[in-house]
Structure formats: C-alpha cells, structure tokens
Amino acid sequence: MRDTCVPTGMELKNTGFGYTLSLIGGKYKMIILYWLSENKVMRHNELKRSIGIISFKTLSIMLKELESDGLINRKEFPQVPPKVEYSLTARGQTLIPLLNMMCEWGENNRDLTLEDVQQ
C-alpha cells in the first residue's frame, strides 16, 4: 500500500487524486452533482435556479463536461418546446460518498477557530 496518494516524483495528473480532481474540479461541478443526487432528475433551468449564481452558458459547459466524463446522463425528449433532463450515471453516483464525506468534514470543522486547529 502506498504512503501517499501523490507519490514523490509523480505528476499530479498521473495519479488517482489528480484524475478525480480533473473530473470534479471547477467551480460548479460538485454542486451540480450534489443537486442531481438530491433530486435524481433535473432540467437545466431547475439546476440554474438551485445553484443561483451560475450563468446559462457556464452551466451548459459544466453539464457537457460532466456528460462527456460519464458522470451524468442527458435525456432529450422529442417535443416542442424541447425538454432535456439530467441525472447521475452509476459512475456519477459513486462520487456521492466523497461529497458526503466533504460535507461531514465541513460540518465538523467550520466553527473551529485558528486556536482550535493549532492545538
């Protein structure tokens, strides 16, 4: 077993840690994954309203990247007006425990002062 996730002398991008960051890195990707895990299926405008501060274009780009990485499904319905729904793939669902761990860490550490951390 390795001592570290990023061994000395290896480029970050060539590690499991770097690969994971390449998939979920970015300002909104983890938030999109979170909302899809909570709601199962969402449309573009529902995601935009839930996130609040994201532009239409940025959300579209993030969704396309998550889809191309195999983390979300995009289901288009042939109707007028067009209807598109997004959901997590099985692969995307495997990231939810990671997001839950991050949430738990934040809940346990957000109220700590610098003095608490240094002890």
Side-chain angles (χ1 to χ4, degrees):
M1 185 157 162
R2 284 181 274 152
D3 293 311
T4 177
C5 189
V6 184
T8 304
M10 272 192 102
E11 289 187 47
L12 180 63
K13 68 180 181 177
N14 296 329
T15 65
F17 185 72
Y19 177 71
T20 304
L21 287 178
S22 75
L23 295 180
I24 64 172
K27 191 169 183 179
Y28 299 104
K29 286 184 179 179
M30 286 190 284
I31 297 169
I32 293 167
L33 294 171
Y34 165 79
W35 281 113
L36 289 175
S37 74
E38 288 290 311
N39 296 289
K40 308 303 178 218
V41 175
M42 295 183 81
R43 296 178 67 184
H44 190 281
N45 283 335
E46 290 175 310
L47 279 164
K48 186 170 181 341
R49 279 192 300 274
S50 295
I51 297 168
I53 55 173
I54 191 169
S55 72
F56 183 90
K57 181 180 179 182
T58 300
L59 178 56
S60 296
I61 291 168
M62 297 292 109
L63 289 169
K64 285 177 185 170
E65 288 177 6
L66 289 166
E67 182 185 13
S68 71
D69 289 333
L71 299 177
I72 65 170
N73 287 314
R74 179 182 189 273
K75 185 174 181 182
E76 192 170 333
F77 297 88
Q79 66 184 49
V80 177
K83 178 180 176 183
V84 178
E85 293 180 340
Y86 297 92
S87 61
L88 291 176
T89 62
R91 183 178 192 212
Q93 290 171 353
T94 65
L95 285 169
I96 301 311
L98 174 65
L99 298 180
N100 289 336
M101 288 172 52
M102 291 174 65
C103 181
E104 185 178 324
W105 186 92
E107 291 295 326
N108 293 333
N109 288 277
R110 72 174 164 184
D111 294 329
L112 295 178
T113 65
L114 185 56
E115 287 179 7
D116 295 332
V117 174
Q118 292 177 339
Q119 291 179 4

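Position 1 is the first residue of the sequence, and the numbers go up from there.
- Across G18 and T15, no two heavy atoms sit closer than the pair N-OG1, 3.0 Å.
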Quiz item: Is there a side-chain contact (heavy atoms from CB on, under 4.5 Å) between H44 and V84 once you walk through the steps?
Solution: CA-CA 7 Å; H44 190 281; V84 178; over 6 Å; no
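- Atoms CG and NZ, from D69 and K64 in turn, are 14.5 Å apart once rounded to the nearest 0.5 Å.
- Atoms CG and CD, on L71 and E67 in that order, are 10.5 Å from each other to the nearest 0.5 Å.
- Within 6.0 Å of the NZ atom in K83, the count of heavy atoms belonging to other residues, nucleotides or ligands exceeds 12.
- If you chain together hydrophobic residues whose side chains sit under 4.5 Å apart, M102 and I51 fall into the same group.
- Proximity of L23 to R91: side-chain heavy atoms (C-beta onward) are separated by under 4.5 Å at one or more points.
- Atoms CG and OH, from N100 and Y34 in turn, are 9.0 Å apart once rounded to the nearest 0.5 Å.
- Residue Q79 qualifies as enclosed at atom CD: its count of foreign heavy atoms under 6.0 Å is above 12.
- To the nearest 0.5 Å, the span separating CG on L36 from OG on S50 amounts to 9.0 Å.
- A donor-acceptor contact shorter than 3.5 Å is absent between the side chain of K40 and the backbone of S87.
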Practice problem: Just do the side-chain contact (heavy atoms from CB on, under 4.5 Å) check on K57 and I61 with the steps written out, would you? | Solution: CA-CA 6 Å; K57 181 180 179 182; I61 291 168; 4.1 Å; yes
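- A heavy-atom distance below 4.5 Å is not found between the side chains of E46 and N39.
- Following chains of ILVMFWY side-chain contacts shorter than 4.5 Å, one cannot reach L21 starting from Y19, and the two form parts of different hydrophobic clusters.
- Going from atom CD1 of I72 over to atom CD of E65 covers 10.5 Å, rounded to the nearest 0.5 Å.
- Rounded to the nearest 0.5 angstrom, Y86 OH and E76 CD are separated by 8.5 Å.
- No side-chain heavy atom of I54 sits less than 4.5 Å from a side-chain heavy atom of I31.
- When all heavy atoms of G70 and T89 are compared, the pair lying nearest together is O-OG1, 2.6 Å.
- Across every non-hydrogen atom of I53 and Y28, the tightest pair is O-OH, 3.6 Å.
- Each of I32, L66, L33 was compared with I24 under the side-chain contact (heavy atoms from CB on, under 4.5 Å) criterion, and only L33 meets it.
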